[in-house]
Amino acid sequence: MAWRSVGASNEDLIRQLKEYGVIASDAVAKAMIDTDRKHYSPRNPYMDAPQPIGGGVTISAPHMHAFALEYLRDHLKPGAHVLDVGSGSGYLTACFYRYIKSMGESADTCIVGIEHQSALVQMSKTNLNADDRSMLDSGTLKIVQGDGRKGYPDHAPYNAIHVGAAAPDTPTELLNQLANGGRLIVPVGPEGGSQYMQQYDKDKNGKVEMKRLMGVMYVPLTDLRS
């Protein structure tokens with residue numbers, strides 16, 4: 001991609017993404033600057049490319065996290081419920097937390113990262129605490145273990161849902177847990193085949209509309225036995 005780059009630091013990386021137009025808003029830039037990728041990506045944290053984080057899993061490229069924040073930002077408000085499916089090392093979950101907190105405080109805000117590998121759940125908690133222990137201590141941000149394809153009904157409905165791995169087709173259960181007025185973004189398509197980042201918007205009456213955003217390449221959304 002034309003904006004593929006390497007930053008000398010986290011702040012430099014985000015500056016470049018903003019200059020290239022990947023980041024469109026100051027609030028998204030600030031959430032990403034305040035969430036230093038060195039806590040979440042042990043290799044090449046400031047390279048704009050996916051990086052391995054263990055367990056056969058990668059952390060997405062920074063530009064994809066920037067896009068996710070931009071596409072969801074109008075739904076990331078104080079009091080919102082947010083679900084990050086396949087939360088991996090915890091990076092984007094932390095960005096969601098910081099973005100919403102910068103907009104204001106609400107006791108109703110709930111950000112949930114769900115990951116099926118227990119080792120990644122523990123690693124992400126360690127990463128979040130190394131970054132800023134108050135995120136998990138607040139109770140506003142939670143990391144849970146489970147099959148993200150089934151969502152996480154305990155805190156549904158969600159105003160915003162992000163999925164970090166490719167669903168083979170429309171993720172019906174996640175749409176069921178999307179609040180009226182909410183937005184889901186998810187890569188959809190077969191492993192090794194054509195995949196698209198798709199945006200699903202549910203209106204106030206529960207009607208869903210889908211929009212294709214861009215072609216992507218993600219690992220499949222699976223369970224531990226897959």
Side-chain angles (χ1 to χ4, degrees), residues 28 31-32 34-35 39-40 53 55 57 59-60 64-65 67-69 71-167 171-187 199-202 218 221-224:
V28 165
M32 294 182 73
D34 290 347
T35 309
H39 297 297
Y40 303 91
I53 57 173
V57 176
I59 181 174
S60 295
M64 292 308 301
H65 287 143
F67 279 132
L69 286 159
Y71 288 131
L72 292 172
R73 63 177 176 161
D74 290 343
H75 303 269
L76 303 175
K77 299 176 180 178
H81 284 208
V82 180
L83 180 64
D84 185 17
V85 176
S87 51
S89 66
Y91 173 77
L92 188 58
T93 323
C95 288
F96 287 146
Y97 173 89
R98 286 196 166 106
Y99 184 94
I100 294 175
K101 188 175 181 181
S102 74
M103 298 293 147
E105 301 281 351
S106 171
D108 295 327
T109 302
C110 181
I111 300 137
V112 179
I114 185 167
E115 177 56 58
H116 65 187
Q117 293 194 40
S118 60
L120 286 176
V121 169
Q122 187 53 54
M123 181 186 74
S124 63
K125 290 179 179 179
T126 299
N127 294 342
L128 287 158
N129 283 333
D131 181 354
D132 183 349
R133 184 172 291 275
S134 70
M135 288 191 285
L136 287 174
D137 286 350
S138 71
T140 299
L141 187 157
K142 308 171 190 293
I143 302 293
V144 300
Q145 183 177 356
D147 186 345
R149 297 172 301 178
K150 299 176 182 177
Y152 193 67
D154 289 16
H155 296 292
Y158 296 96
N159 305 95
I161 301 176
H162 165 265
V163 183
T172 304
E173 187 52 43
L174 295 179
L175 284 174
N176 290 340
Q177 293 181 33
L178 188 65
N180 287 358
R183 174 171 289 177
L184 158 68
I185 60 169
V186 52
Q199 175 179 300
Y200 295 85
D201 288 310
K202 185 182 285 190
Y218 276 76
L221 188 62
T222 63
D223 62 26
L224 282 175

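If you're wondering where the values come from, they're calculated on a predicted model, not measured in any experiment. Count residues from 1 along the sequence.
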Report summary line: To the nearest 0.5 Å, atom CG of Leu92 lies from atom OH of Tyr40 at 10.5 Å

Query raised in the report: Does one side chain, of Asn127 or His39, offer a donor that lies under 3.5 Å from an acceptor on the other?
Result: no

Query raised in the report: Is a donor on one side and an acceptor on the other found under 3.5 Å between the side chain of Thr35 and the backbone of Met32?
Result: no

Query raised in the report: Can you say whether the rings of His81 and Tyr158 are parallel (under 30°), tilted (30 to 60°) or perpendicular (over 60°)?
Result: tilted

Requested in this report: Using a 4.5 Å cut-off on heavy atoms from C-beta on, say whether the side chain of Asp147 contacts that of His116.
Outcome: no

Query raised in the report: Between Leu72 and Tyr99, is any pair of side-chain heavy atoms under 4.5 Å apart?
Result: no

**Report entry** Side-chain donor or acceptor of Glu115 paired with backbone N/O of Gly88 under 3.5 Å
**Finding:** yes

Query raised in the report: Knowing that exactly one of Ile100, Thr93, Asn159, Thr109 qualifies, which makes a side-chain contact (heavy atoms from CB on, under 4.5 Å) with Val82?
Result: Ile100

Requested in this report: For the residue pair Pro171 and Tyr200, establish whether any side-chain heavy-atom pair is separated by less than 4.5 Å.
Outcome: yes

Query raised in the report: Just wondering, do Leu175 and Ile161 contact through their side chains at under 4.5 Å, heavy atoms?
Result: no

Query raised in the report: How far apart are the closest heavy atoms of Leu69 and Cys95, and which atoms are they?
Result: CD1-CB, 3.9 Å

Query raised in the report: Would you call Thr140 and Ile111 a side-chain contact if the rule is heavy atoms closer than 4.5 Å?
Result: yes

Report task. Mark yes or no for whether Ser124, through its side chain, and Gly90, through its backbone, hold a donor-acceptor pair below 3.5 Å. Result -> no

Query raised in the report: Where is the tightest heavy-atom contact between Gly113 and Ser87, given as atom of each residue plus distance?
Result: C-OG, 3.4 Å

Query raised in the report: Looking at side-chain heavy atoms only, is the closest gap between Arg98 and Asp132 below 4.5 Å?
Result: yes

**Report entry** Pairwise distance OG(Ser134) to CG(Asn129) - rounded to 0.5 angstrom
**Finding:** 9.5 Å

Report summary line: Separation between CG (Leu128) and CE (Met123), nearest 0.5 Å, reads 10.0 Å

Requested in this report: Could you tell me which non-hydrogen atom of Tyr152 sits nearest to which non-hydrogen atom of Gln177, and how far apart they are?
Outcome: N-OE1, 2.9 Å

Query raised in the report: Taking the side chain as C-beta and beyond, is there a heavy-atom pair between Phe96 and His162 under 4.5 Å?
Result: yes

Requested in this report: Can you see which heavy atom on Ile59 is nearest to which on Ser89, and at what distance?
Outcome: CD1-OG, 3.7 Å

Query raised in the report: Taking atom NZ of Lys142 and atom CG of Asp84, what is their separation to the nearest 0.5 Å?
Result: 15.0 Å

Query raised in the report: Roughly how far, to the nearest 0.5 Å, is the CD1 atom of Ile185 from the CZ atom of Arg183?
Result: 8.5 Å

Query raised in the report: What distance do His75 atom NE2 and Lys77 atom NZ have between them, rounded to the nearest 0.5 Å?
Result: 7.5 Å

Report task. With the side chain counted from C-beta on, respond yes when His155 and Leu83 share a heavy-atom pair under 4.5 Å apart, and no when they do not. Result -> no

